[in-house]
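Here the structure comes first, spelled out in structure tokens, and everything after it is commentary.
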Amino acid sequence: MSEINLPKTYDPAELETRVYSWWDDRGYFHAEPDEHGETGREPFAIAMPPPNVTGSLHMGHALTSTIEDALVRHARMIGKNAVWLPGMDHAGIATQNVVEKELAKEGCSRHDLGREAFIARVWEWKEEYGGKILLQQRRLGASADWQREAFTFDEQRSRAVRKVFCDLYDDGLIYKGERIINWCPRCLTALSEIEVEHTEDPGELAELRYPAADGSDGVIVATTRVETMLGDTAVAVHPADDRYRQLIGGSVVLPLLDREIPVVADAHVDPEFGTGAVKVTPAHDPNDFEIGQRHELDSIDIMTDEATLNTAAGPYEGLDRYTARERIKQDLDALGLLVSVTEREHPVGHCSRCDTVVEPRLSEQWFVRIRPLADRAAEAVRDGRTRFVPERNAKGFLDWLDNLYDWCISRQLWWGHRIPAWYDADGKVAVLREDPSGEEVAARGLTQDEDVLDTWFSSALWPFTTLGWPDHTPDLETWYPNSVLETGYDINTFWVSRMLMMGLYCMDDVPFRVVFNHGMVRDRHGKKMSKSFGNVIDPVEFIEEYGADALRFALVRSASPGQDVPLAEEWVEGARRFCNKLWNAARFVLTDLGDVSPDEGLPETMELEDRWILSRLESARASVDAALADYDLAAVSRALYHFVWDEYCDWYLELAKLRDDRGARRVLAVVLDEALRMLHPITPFVTEELWQALHGRPGDKASDDGQSARALIVEPWPAPAPGRRDADAEAQFEAVREAVTELRRFRADHGLSPARRLSVVAVLGAERAAVLEGGLDGIRRLAGVDSWRFDDAGSSGPAGKVAVTGGELHVPLEGLIDLDGERERISRELEKAEAELRRARTKLANDSFVSKAPEPVVRAEREKADEWARTIERLTAQRVALD
RNA sequence: GGGCGCUUAGCUCAGAUGGCGAGAGCGCUGCCCUUACAAGGCAGAGGUCGCAGGUUCGAGCCCUGCAGCGCCCACCA
């Protein structure tokens, strides 16, 4: 037994930090561009979805990073020039909110500081606290090219944003206009519709009577937002609605404000809904705004930025919108104009940042004319230049693209890319590629637009700005389009769509060839993790307790593409057990290895179990490659888990213990080596450590003297080896396995202790005997058999009988077993066998089965039937023998 | 209101092109500290594959309908 440099216990915490810095120091994460393809290596690039600077690692990030890291590591090992581009998002609203909260603690607001000082303060905060999440990514094992770290708000990315804004403006794809937008009265900014979350909230539908101008009954309208009636400038009915025909062109009186408003006919009104008459508030409802446009109605904004009522609301000025709602209902009721109030759930928009109910509101904002951009994006998905994994996600994405509104990109915030538009003294707008000089500003009385851009505007450029755009860099030449964009399906609309649009616009090519969607991490019962449920689990805690490898394995293990990923502590614990198993298996191999190196390759002559394990290895390798092609890391991990634990450890290792030949050691080493390679993308740390040990490297990487020129992280991926497929060895080994299992079961059924050795008389016939012959040593060891002979006459004395394919094994018993129990067991088996035989015979008696089913299927069924018949015969004989 | 997904063992999930004598992990039961690993080994119990029809020689898998759960999207006041 040789000395090995692996500690007895698997200690992920120590190992992971050490191995990570070793990789990092040696620069394995860094990739060099290859713009002219001189290296002949296929480029591979993934841009990391930039986490918010304010963020800290949650399970969603952990899943994202694990999957992307696994893809990048695999790409590296199959010889691609792989780069993973990391960075962070300045995250406009989110970050501004965080710093504003800080200020609030100090008792001041951003307005006390002023714009410039506030922004300086946010930068300070960013330098000090931001980016914690990237450190946490390292603990997870992320092999990102940190030298290329980008920030959506740094100098270079800002230049890119400026250029895109100006280009779009010059192309007529950005405009400023007055539209209904979603306004957050707490964040005090416009939001795009995508930043609004709709929930079904309890509410009410109120019916109000608007009397006619001549004092007659007028019309009854329905609304869920009573207070907006103060901004009504018309009532609309369907043009073909007979009930209201005589009112069209006339007017009604808006109660409380006594404003006379026209009744207009508009086909958008659904006569079937409610009373068929609609109040029209162009300043506070998108539909009404359109009706207003068609009929040239006034728009009356009745609210302040904080969603209290303004002077237009007359006597209600100064009230909060909900207070006003109640007050107005009371007042209308007093006038006899409140017809009814019915409780009713209805969809309400909430700010995705702070959950405040948003107010649809008429406002002057900057917009991206989305149609031309969205059409190109949709086309790229339809013609397959970018494909989705899983494919089904493309449909929803396309539906969404086909029904887009113009994108509101201006935000009334301070933290973000300021809109490069200046107004002169006359209010004339100029969008400028360079900031105007001081003289110019003074001479023309220029002032810059106060607004900043939606944070998604800059992240939309991520796949090429991370590569240096707008400069023409070798990076860009090498890695654009990116290979894969990996993200949760929840931000396909926010982010993926915009990257596609901007990529096609700026680069004239898709930003990535594949959109790979993972699911959401959920708790053990598939419930969403949320603070209010109290079921949030912190990945960093798990990393500390179980190791990053275990967390990665647990996450990936249920991460089928697009499927949600349930996670619980026991799952991670189970994954660590797997790492531990691997650790111990490697320790055993290392102690056994002597001077054998995995580089020696396979021996020329091999035993049955050698050929079997190699055949199984090849089969695992094929499954893993197939799963990787489908981005199905769950299948990858399953295949490897099963191979390592159930085949390599449980069978091959146990058999190898019997042997002291060099051949067994060489097989042991080669199989371990390849298994470690294939596991590396998922559990990088433990595999690197074990692989180094296997290749005789010093255990202490910290004191690495450079003599080790190799590292698993950049070792080649196992190549297909169809020659290792060995159906005969598999079949033969299966027989061995069956004999061992059956004998073990016999032992367990009869309560025979493992220490008790057995004698076996095998009644098998020459053919089956020959099959088992090669595995006899194994059977002896694994089933605790002392003596074994083949004898068709069977055992002479009383014996237990164990069914195996092609015959039975007799175990002389010396009268120590429970006869009744044995009879019962045989009866149970008989029943099962008889049922199976009936099933098979019915099938075979069916002419259409025999004539129509493929010949091998029919033959297999016949063989099954014969076998069950023999089993029944044997069991019957056994039962008789016991009496 | 539209679209999508899910429904298989107590729990969480696998089950290419229909051939299943339905699997895994965890949990459970029994035996075992067998010199890689008790974070382990061996053996076992546990399933009318949501329901109803249909196609087929054959359906967990395909078709139709229904039910339940979940998600995304949505300007019916």
Side-chain angles (χ1 to χ4, degrees), chain A residues 1 6 8-10 180 193 198 205 221-225 228 236 268-270 272-275 277-281 285-290 346-347 360 390 392-393 395-396 399-400 403 405 489-490 492-493 519-520 522 524-528 557-558 560 562-564 566-568 570-571 573-592 626 630 634-635 638 641-642 646 649-650 653-654 657 740-741 744-749 751-755 781-782 784 832 835-836 839-840 843 846-854 856-858 860-861 864 868:
Chain A
M1 201 171 281
L6 274 188
K8 195 164 157 65
T9 35
Y10 166 54
I180 295 278
E193 78 273 16
H198 295 266
L205 185 67
V221 296
T223 180
T224 53
R225 293 189 295 152
T228 62
H268 174 265
V269 179
D270 176 3
E272 303 294 315
F273 187 87
T275 60
V278 180
K279 61 190 274 304
V280 182
T281 323
D285 184 281
N287 278 317
D288 293 6
F289 177 74
E290 282 172 28
H346 61 110
R392 65 179 127 89
N393 285 15
K395 188 185 177 330
D399 286 348
W400 186 83
N403 295 291
Y405 298 93
Y489 56 70
D490 56 330
N492 282 355
T493 47
M520 303 294 111
R522 295 173 176 276
R524 70 183 63 223
H525 296 298
K527 270 210 322 206
K528 206 175 201 160
R557 199 173 187 183
S558 26
S560 299
Q563 288 306 110
D564 286 347
L567 188 77
E570 303 91 284
W571 292 208
E573 221 182 299
R576 187 196 45 182
R577 282 208 289 265
F578 175 68
C579 294
N580 185 248
K581 187 76 179 175
L582 192 63
W583 181 268
N584 282 299
R587 276 184 58 233
F588 169 78
V589 172
L590 287 173
T591 49
D592 199 42
D630 292 339
R638 267 198 305 276
Y641 183 97
H642 176 248
D646 302 340
C649 290
D650 285 354
L653 237 52
E654 291 304 323
K657 284 178 184 171
V740 170
T741 302
R744 281 170 173 171
R745 191 198 338 243
F746 177 84
R747 201 187 270 285
D749 284 351
L752 300 174
S753 94
R781 175 188 160 93
L782 299 182
K832 187 188 173 198
E836 290 297 343
R839 191 197 51 76
K843 221 169 178 180
N846 182 340
D847 286 342
S848 45
F849 172 72
V850 177
S851 59
K852 293 190 187 172
V857 173
V858 178
E861 202 60 42
K864 269 189 231 168
W868 284 119

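Just so it is clear: chains get the letters A, B, ... in the order the sequence lines come, proteins before strands, and each one is counted from 1.
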Measure the distance from NZ on A/Lys279 to C1' on B/C76 and round it to the nearest whole Å.
-> 14 Å
If you look at every strand shown and take non-hydrogen atoms under 4.0 Å, does A/Asp650 touch a base, only sugar-phosphate, or nothing?
-> sugar-phosphate
Have a look at A/Tyr641 and say if it touches a base, only the backbone sugar-phosphate, or nothing, with a 4.0 Å heavy-atom cut-off.
-> sugar-phosphate
Set of residues satisfying side chain to side chain donor-acceptor pair (under 3.5 Å) with respect to A/Lys657, sequence neighbours excluded = A/Glu654
Could you go through the side chain to side chain contact (heavy atoms under 4.5 Å, CB included) check for A/Thr228 and A/Lys279 one step at a time?
-> CA-CA 9 Å; A/Thr228 62; A/Lys279 61 190 274 304; 2.7 Å; yes
With a 3.5 angstrom cut-off on both distances, give the Watson-Crick or G-U wobble partner of B/U64, or none if there isn't one.
-> B/A52
Please confirm whether any donor atom in the side chain of A/Lys581 sits under 3.5 Å from an acceptor in the base of B/C37, or the reverse.
-> yes
Watson-Crick/G-U partner (both atom distances under 3.5 Å) of B/A43 | B/U29
For B/C69, which nucleotide is its Watson-Crick or G-U wobble mate, given both distances must be under 3.5 Å?
-> B/G5
Atom CH2 of A/Trp571 to atom C1' of B/A24: distance rounded to whole Å?
-> 13 Å
Send over the distance from A/Gln563 CD to B/C72 C1', rounded to a whole Å.
-> 14 Å
Can you tell which of B/G5, B/A36, B/A77 lies closest to the side chain of A/Leu653?
-> B/A36
Report the nucleotide, chosen from B/G19, B/C26, B/A14, that has the shortest atom-to-atom distance to any side-chain atom of A/Ser560.
-> B/A14
Distance between P atoms of B/U56 and B/C26 (Å, rounded) = 44 Å
Between B/C11 and B/U17, how far is it from one P atom to the other, in whole Å?
-> 27 Å
Nearest-Å distance for atom pair CG/P, residues A/Asp630 and B/A14 | 15 Å
Decide yes or no, distance alone: a donor-acceptor N/O pair under 3.5 angstrom between the base of B/A36 and the side-chain of A/Glu654.
-> yes
Applying side chain to side chain contact (heavy atoms under 4.5 Å, CB included), run through A/His268 and A/Val278 and close with a yes or a no.
-> CA-CA 10 Å; A/His268 174 265; A/Val278 180; over 6 Å; no
Could you tell me whether A/Pro854 contacts a base, only the sugar-phosphate backbone, or nothing, with contacts defined as non-hydrogen atoms closer than 4.0 Å?
-> base
Selected nucleotide, minimal atom distance to A/Arg745 side chain, candidates B/C42, B/G44, B/C73 = B/G44
Return no unless some side-chain N or O of A/Arg524 is found under 4.0 Å from OP1 or OP2 of B/U12.
-> no
To the nearest angstrom, how far is A/Lys8 atom NZ from B/A39 atom C1'?
-> 13 Å
When you compare B/A59 with B/A45, how far apart are their P atoms, in angstrom units rounded to a whole number?
-> 26 Å
Nearest 0.5 Å please: distance from the CG atom of A/Asn584 over to the CG atom of A/Leu590.
-> 11.5 Å
Any side-chain donor-acceptor pair under 3.5 Å between A/Asn580 and A/Arg577?
-> no
Could you let me know what B/C20 is paired to, Watson-Crick or G-U wobble, both distances under 3.5 Å, or none if it's on its own?
-> none
Distance check: side-chain N/O of A/Lys843 vs OP1/OP2 of B/C57, anything under 4.0 Å?
-> no
Starting from the 5' end of RNA chain B, give me the residue, A/Asp399 or A/Ser558, whose nearest nucleotide shows up first.
-> A/Asp399
Interatomic distance where CG belongs to A/Leu582 and C1' belongs to B/A36 [whole Å] = 11 Å
CD1 (A/Ile180) and CZ (A/Phe289) are apart, to the nearest 0.5 Å, by 6.0 Å
Just checking A/Lys657: base, sugar-phosphate only, or nothing, at a heavy-atom cut-off of under 4.0 Å?
-> base
Does the side chain of A/His525 get closer than 4.0 angstrom to OP1 or OP2 of B/U12 through an N or O atom?
-> yes
Give a yes/no on whether any side-chain N or O of A/Thr741 is located under 4.0 angstrom from OP1 or OP2 of B/A43.
-> yes
Nearest heavy-atom approach of A/Phe849 to A/Val858 is O-CG2, 3.9 Å
If you check the A/Asn580 side chain, which of B/C57, B/A39, B/G19 turns out closest?
-> B/A39
Can you find a side chain N or O atom of A/Arg522 that sits less than 4.0 Å from OP1 or OP2 on B/G70?
-> no
